[in-house]
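Computed from a prediction, not measured in an experiment: that's the story for all the values here. Numbers restart at 1 for each chain; the letters A, B, ... are given by sequence-line order, proteins then strands.
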Amino acid sequence: MLLSKMLVPTLREVPKDAEITSHILMYRAGLIRKLGSGLYTFLPMGLRTLHKVINIIREEMNNSGALELLPPILIPAEYWKESGRYDLMGKEMFRLKDRHEADMVLGPTHEEVFTSVVRENVRSYRDLPLNLYQINTKFRDEIRPRFGVMRCREFIMKDAYSFDIDEAGLDKHYEIMRVTYRRIFKRCGLEVVPVLADTGNMGGSASEEFMVPSTVGEEEIIKCPKCDYVANVELAKSHYEFKEENIQPLPIEEVHTPNAKTIEELVKFFNTTPDHFIKSIVYVADGIPIMVVIRGDFEINETKLKNLIKANNLELADEETILKVTNAPVGFASPIGLKVKIIADESVVVMKNAISGANKKDYHLKNICYSRDFKADLIGDIRKVKSGESCPKCKATLESYRGIEVGHIFKLGYKYTNSMNVKVLGKDGKEFTPIMGCYGIGVGRTMASVIEQNNDEDGIIWPITIAPFHIIIVPINMQDEKLVKTAFEIYERLSERYEVLIDDRDERPGVKFKDADLIGIPIRITVGKTFHETESLELKVRRKKDKILVKLKELDKKIEEIYNEEKRLYEV
RNA sequence: CGGGUCAUAGCGCAGUUUGGUAGCGCGCCUGGUUCGGGACCAGGAGGCCCCGGGUUCAAGUCCCGGUGACCCGACCA
């Protein structure tokens, strides 16, 4: 490919709305352009890499025995109504009407569609197991699109749905996908960590996320340095023994606390420590206000809370609701004497002589004792685990770091096959319901994550497996006929075996080098003064510092060597 | 949806305070000189100053109302 014929609008300056490295570099290297919030065009150079990632995913999925199909992304709402998710999905799902006023959906995920394919077409257990997948566009009206291609409203995802006769079959599929995912990410040059994850509103039992450790990651991961415990903070547990304090319960007492609302202010006011407080927070769960209490030095993990109370929708109450529930403005709530349901973290149940709000403006209560003064309707672990706490498995000190979720695998169970009434005839002549798993990879996000992990101050350093081109040839001066002729001869010859780009633009060498580095082509061949001097070419591997000189005669051999060496890095 | 910031040439920005002919750097086009890490000289093209209304002799600038984008919190590949 001639670079002069390609559309690669590289930028010297950083676009102002690009925040993180991958976004900046994708924009600067001319891989993507923004069309609207969370909507991106992949330009030719970017699309080449995207296709390579897709091809790796496709190869590995096919090798795993999965079957690719291509369903529509415009989906009649009836499928969503059937599964019950038409109402549950909320504003995140793009909804529209066709000319007949029929409700339609732009698919944010495809459980319903794949389940219906199986329902309509699989009659016998002999057709199972099946693992069906697509590499297709997804639509999600994200609350806040962010970080370029990392979190968009329209994006490409590989999603697979497995259907098995029984749980053992599902376990097998799940395990195959775990291995397949590791292979995919390895081949893309991406280091990932599998992490225990919450099953969210997808339903189901086991679930793992594939995380790329990164400071710009939107997920928090809790990890044990001693044993193998690694979990998303959403479901991470810690070892904690809550023992009832051996102190004399004192009579409850109202204290005037003007201008003290936050735990921090109250700690000063009462001259004590946060663990003597009961943090009382009003939430609205599926439209109903509830009071949630936790020890003052802990934070509420909303995912755990949501799971405990089996809510679909959970949000912090607004000021008006708080006033209605507690008779007081924000900052003075407590569970005492409330009419709403009370949910308590297990940390609260052992507390004595604790401090919390008085449900009265500018007043707090002292010496609150659980059981004596109030009781919870539901008790459970709803704490957000912090680094420094103890591992639930081995009690070592937990650490936390951030990660980008590039893949997710679930054991879905019977949620969709039940709700959508999938029946298959078994060996015994009786109908049964297949069990499902689902497995997703964000394609654009994977690509961006690779850049997050592979870059330097000059630009992207693509792994050769997904680089838009393997080799870039740089003739140093387009006015120098000898150099140009040689460069094109090399270009023609190498193009038979590799994907080669030649920078035939009439630009100065500096510009060409800068662009080559920015775009991140793994191997660079410079045809310049060393050719005039000694008939040799300069080879530079993008990820290495040094440059090597090679005689024209030995070029092909040397290139093959380097190419194989680069490829070997990403072999599985 | 709440809180904050912003919208002027392809990109990055100044000009808005105090209303008076639309600017700078980079990029782009033409010619020339250059040619191993984002060259130099000369000339040039490119603007509904986000949109709509208002005030005024006069609005990029002041007022009102929209729209869009970005950042911080709740969703997820």
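For A:Arg140 against B:C76, a side-chain-to-base donor-acceptor contact under 3.5 Å is absent. Between the base of B:G38 and the side chain of A:Glu507 there is no donor-acceptor pair shorter than 3.5 Å. You won't find any donor-acceptor pair under 3.5 Å spanning the side chain of A:Asp458 and the base of B:G37, going by distance alone. Side-chain atoms of A:Glu218 and base atoms of B:C76 include no donor and acceptor less than 3.5 Å apart. Put simply, the side chain of A:Arg524 and the base of B:G37 share a donor and an acceptor less than 3.5 Å apart.
At B:C75, none of the side-chain N or O atoms of A:Arg144 fall inside 4.0 Å of OP1 or OP2 (strictly under the cut-off). Proximity of A:Lys16 to the phosphate of B:A7: no side-chain N or O atom is located under 4.0 Å from OP1 or OP2.
In this structure, the aromatic ring of A:Phe155 is positioned over the six-membered ring of the base of B:A77, centres within 5.5 Å and planes within 30°.
Heavy atoms of other residues, nucleotides or ligands lying less than 6.0 angstrom from CD of A:Glu299 number 12 at most.
Because its NZ or CZ atom is both nearer than 6.0 Å to the ring centre of A:Tyr86 and within 45° of the ring axis, A:Arg95 counts as a cation-pi partner of that residue. Within the cation-pi definition used here (under 6.0 Å to the ring centroid, within 45° of the axis), A:Lys138 does not qualify as a partner of A:Phe155. Both cation-pi conditions hold for A:Arg48 and A:Phe469: the charged atom is under 6.0 angstrom from the six-membered ring centre and inside a 45 degree cone around its axis.
Among the nucleotides B:A77, B:C1, B:G38, the one closest to the side chain of A:Leu518 is B:G38. For A:Val511, whose side chain is taken as the heavy atoms from C-beta onward, the closest listed nucleotide among B:C75, B:A39, B:G25 is B:A39. Checking B:A74, B:G37, B:C26 against every side-chain atom of A:Phe513, the shortest atom distance belongs to B:G37. When distances are taken from the side chain of A:Arg146 to each of B:G37, B:G38, B:C71, the shortest belongs to B:C71. With B:C35, B:G37, B:G38 as the choices, the nucleotide that has an atom nearest any side-chain atom of A:Asp517 turns out to be B:G37. Which of B:C35, B:C75, B:A69 sits closest to the side chain of A:Asp17 comes down to B:A69. With B:G38, B:C1, B:C76 as the choices, the nucleotide that has an atom nearest any side-chain atom of A:Ile143 turns out to be B:C1.
Comparing A:Gly38 and A:Asp515 by the nucleotide of RNA chain B whose heavy atom lies nearest to each, the residue mapping closer to the 5' end is A:Asp515. Toward the 5' end of RNA chain B, the nearer of the two residues A:Phe147 and A:Gly407, judged by each one's closest nucleotide, is A:Phe147.
Within the nucleic acid shown, A:Val474 has no heavy atom closer than 4.0 Å to any nucleic acid atom. Looking at heavy-atom distances under 4.0 Å, A:Met150 makes contact with a base. Heavy atoms of A:Lys512 sit nowhere under 4.0 angstrom from any nucleic acid atom. Residue A:Lys540 is classed as having no contact, given no heavy-atom separation below 4.0 Å to the nucleic acid. Across all strands, A:Glu92 comes closer than 4.0 Å only to sugar-phosphate atoms, never to a base (heavy-atom distances).
Consecutive Watson-Crick or G-U pairs involving RNA chain B, each under 3.5 Å on both distances, make up stems of three or more pairs at B:1-7 with B:67-73, B:10-13 with B:23-26, B:28-33 with B:39-44, B:50-54 with B:62-66.
The side-chain contact (heavy atoms from CB on, under 4.5 Å) test applied to A:Pro72 returns no partner, not counting sequence neighbours.
For the pair A:Thr321 (side chain) and A:Ala317 (backbone), a donor-acceptor distance under 3.5 Å is absent.
Atom pair A:Leu7:CG and B:C28:C1' shows a separation of 14 Å (rounding to whole Å applied). Spacing between atom CG of A:Asp504 and atom P of B:C35 amounts to 21 Å, rounded to whole angstrom units.
Ring-plane geometry between A:Phe139 and A:Phe94 is classed as perpendicular, the angle between the planes exceeding 60 degrees on a 0 to 90 degree scale with a lower cut at 30. The aromatic rings of A:Tyr27 and A:His23 stand perpendicular to each other, their planes meeting at an angle above 60°, with 30° marking the opposite boundary.
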